[in-house]
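These notes concern the structure reproduced below.
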Amino acid sequence: MSRTGTTSDRLTCAPSRAARELGLKRGEFDLAVNLGLIRAMPDEGGGGPRVALAELDRLRSGDGFPDALRGRVATVGTTAGAELMDVAPTRFTSLARYGLLIPVKFYLNRYRTVVWLYLAEELRQFAAEGSHARLLTARRTPTEIREGLKAGMDRRPRNWRGRHVGFLTRQAGDDPWARAAAVACLLDPADVADVVRDPRERTRLARCHPRLPAHGAPGSPTAELAETLMTASEPDEVAWFRADLAHTMEMARRHRSMSDTLSPAATAATAATAATAAPTALTPPNPLVPLPLPPAGPDPLAPPLAPAAERWPAPTDPIPPHGLLSWLRRRRRRPAG
C-alpha cells in the first residue's frame with residue numbers, strides 16, 4: 001500500500017530535487033543553504049531539511065537565474081584564487097594563513113593534504129577594496145604578516161570554525177538546545193563535560209548534535225585529521241567557545257518546549273498520585289528536563305509540619321548513639337507483646 005503524502009510533502013521537496021530544480025550541484029546547494037541564500041526548513045518527520053516549492057519559484061524568478069545563484073556559491077582554491085586576485089599563490093597563502101581570507105569549505109585530497117576553498121565573490125570584493133592595495137601590490141609581504149608566519153601562524157582552521165558555527169547557529173533557528181549543540185560540536189568533549197556538568201544535559205546536546213561535513217570513513221586517518229581541524233584548539237578560541245556554550249546553555253535551561261511539559265490535567269493527576277504514593281515509590285526524573293533549583297528558604301505558603309512525634313512514632317526504648325544495626329536485630333528477636 002502506498003503512503004499518502006502529507007500537505008507538507010506536497011508543498012516542499014527534498015534537497016536533491018531542489019538542487020536539480022535550481023541547477024546546482026549538491027555541494028553548491030548545501031553551501032547556499034549555509035549562506036542563507038536558500039531558505040530551508042526542518043522536516044516535520046525528523047528527516048533532513050526541505051525546501052518549499054514557493055522558495056524555488058522565488059529563486060527561479062530572480063534576475064540572472066541560474067548563473068547569478070551559481071556565481072554566489074562558486075568556490076576556488078589557492079591557485080584559482082590567486083589568479084582571481086592577481087597575486088602570486090605564495091602571497092595568497094600568506095594572506096589566508098594570517099587570517100585575512102576566510103575559507104568557507106575544505107577537503108582532504110588523496111595525500112591527506114588539506115585543500116581550503118574560498119568564495120570567489122568574497123575574493124573579488126577583497127581585491128576591489130582600496131585599503132587592501134598595499135597587501136596585494138607591495139613587493140614584499142608586510143612585516144607584521146611575515147613575523148606571524150615565521151611563528152607558525154595559520155588561522156585558516158580557526159576562521160573556518162568561526163564561520164561554520166555561524167552556519168550551524170542559523171540552521172538551529174530558535175531552538176536554544178540546538179543552538180547550544182552547534183557550539184558544543186566544535187569543542188573537545190572534555191571541554192563540553194567541564195562546562196555542562198549534568199550528564200542528562202549532555203545527552204540532550206548529543207541528540208541535537210548537528211551534522212558536520214564528512215571526510216573519509218569513520219575512524220580512518222583522514223576522518224581523524226578532519227575532526228582535528230573541526231575542533232577548537234587555540235587557548236583563546238577554546239575559552240571563547242566555552243563562554244559561548246555556557247551562555248547558550250543558560251538560555252536552553254530556561255526553555256521549556258511543549259513536548260517537555262505536561263498538560264494541566266496530567267499535571268494535576270501526577271500531583272495527586274505523588275501525594276498518595278508511598279515515600280519509596282519515587283518517579284525517576286525526566287532526563288531531558290533540567291531539575292528545578294531548590295527554594296532559597298522555607299515556602300511561606302506550605303502548611304506547617306506536624307510535631308516529630310506525630311510524623312514518626314518514637315521507639316519504646318532509646319536508640320544507642322552507636323550500634324544501630326545491633327539495636328534493630330534485638331527488636332526483631334523480641335517476642336511480640
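In what follows, residues are counted from 1 in the order of the sequence shown. Just so it is clear, the values below take in all heavy atoms, side chains as well, and ignore hydrogens, waters and symmetry mates.
- Hydrophobic cluster membership of Y111, counting Ile, Leu, Val, Met, Phe, Trp and Tyr whose side-chain heavy atoms lie under 4.5 Å apart directly or via other members: none, as it forms a cluster of its own.
- Every residue two or more places apart in sequence or in another chain was checked for a ring pair (Phe, Tyr, Trp, His ring centres under 6.0 Å) with F29, and none qualifies.
- The shortest distance between side-chain heavy atoms of T78 and W116 does not fall below 4.5 Å.
- Ion pairing of D174 with R179 is absent here, as no side-chain N (NZ or NE/NH1/NH2) approaches a carboxylate O to less than 4.0 Å.
- A donor-acceptor pair is defined here as one N or O able to donate and one able to accept, closer than 3.5 Å; no such pair exists between the side chain of R242 and the backbone of D194.
- Sorted by first and then second residue, the side chain to side chain donor-acceptor pair (under 3.5 Å) pairs with a member in residues 16-28 read E21-R60, R26-D30; sequence neighbours excluded.
- Looking only at side-chain heavy atoms (C-beta outward), M249 and L205 come within less than 4.5 Å of each other.
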Under the salt bridge (charged side-chain N to carboxylate O under 4.0 Å, His left out) criterion, do E121 and R124 qualify, and how do the steps go?
CA-CA 5 Å; E121 184 180 40; R124 294 191 191 95; over 6 Å; no
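- Within 6.0 Å of the OH atom in Y107, the count of heavy atoms belonging to other residues, nucleotides or ligands does not exceed 12.
- Looking at every heavy atom in both residues, S94 comes nearest to I145 through O-CG2, 4.1 Å.
- Shown here are the side-chain contact (heavy atoms from CB on, under 4.5 Å) partners of I102, two or more places apart in sequence or in another chain: N159, R163.
- For the pair V238 and L187, the minimum side-chain heavy-atom distance is below 4.5 Å.
- Taking the side chain as every heavy atom from C-beta outward, P142 and L135 approach each other to under 4.5 Å.
- Residue pairs meeting the salt bridge (Lys or Arg N to Asp or Glu O under 4.0 Å) criterion with at least one partner in residues 84-105, sequence neighbours excluded, do not occur; the list is empty.
- Within 6.0 Å of atom NE2 in H247, 12 or fewer heavy atoms from other residues, nucleotides or ligands are found, so the atom counts as exposed in its surroundings.
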Name every donor-acceptor pair, under 3.5 Å, that has one atom in a side chain of residues 146-155 and the other anywhere in the protein, sequence neighbours excluded.
from, atom 1, to, atom 2, distance (Å)
R146, NH1, T141, O, 2.4
D154, OD1, R156, N, 3.2
D154, OD1, R156, NE, 2.9
D154, OD2, R156, NH2, 2.9
R155, NH1, Y98, O, 2.9

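- Within a 6.0 Å sphere centred on CD of E122, other residues, nucleotides and ligands contribute more than 12 heavy atoms.
- Two different hydrophobic clusters hold F126 and V73 under the rule that ILVMFWY side chains link at heavy-atom gaps under 4.5 Å.
- No close placement of the F106 and Y118 rings is indicated, their centers lying 6.0 Å or farther apart.
- Criterion: ILVMFWY side-chain heavy atoms under 4.5 Å apart, direct or through other members. Under it, V195 and V165 are part of a common hydrophobic cluster.
- For R72, the CZ atom sits in a loose shell: 12 or fewer heavy atoms of surrounding residues, nucleotides or ligands are nearer than 6.0 Å.
- Nearest heavy atoms, F241 versus A232: CD1-CB, 3.8 Å.
- We find that E201 and R204 are not joined by a salt bridge, their nearest charged nitrogen and carboxylate oxygen being 4.0 Å or further apart.
- Contact of the T222 side chain with the E227 side chain is not registered, since no non-hydrogen atoms from C-beta on lie closer than 4.5 Å.
- L168 and C185 make their closest contact through CD1-SG, 3.5 Å (heavy atoms, listed as atom of the first residue, atom of the second, distance).
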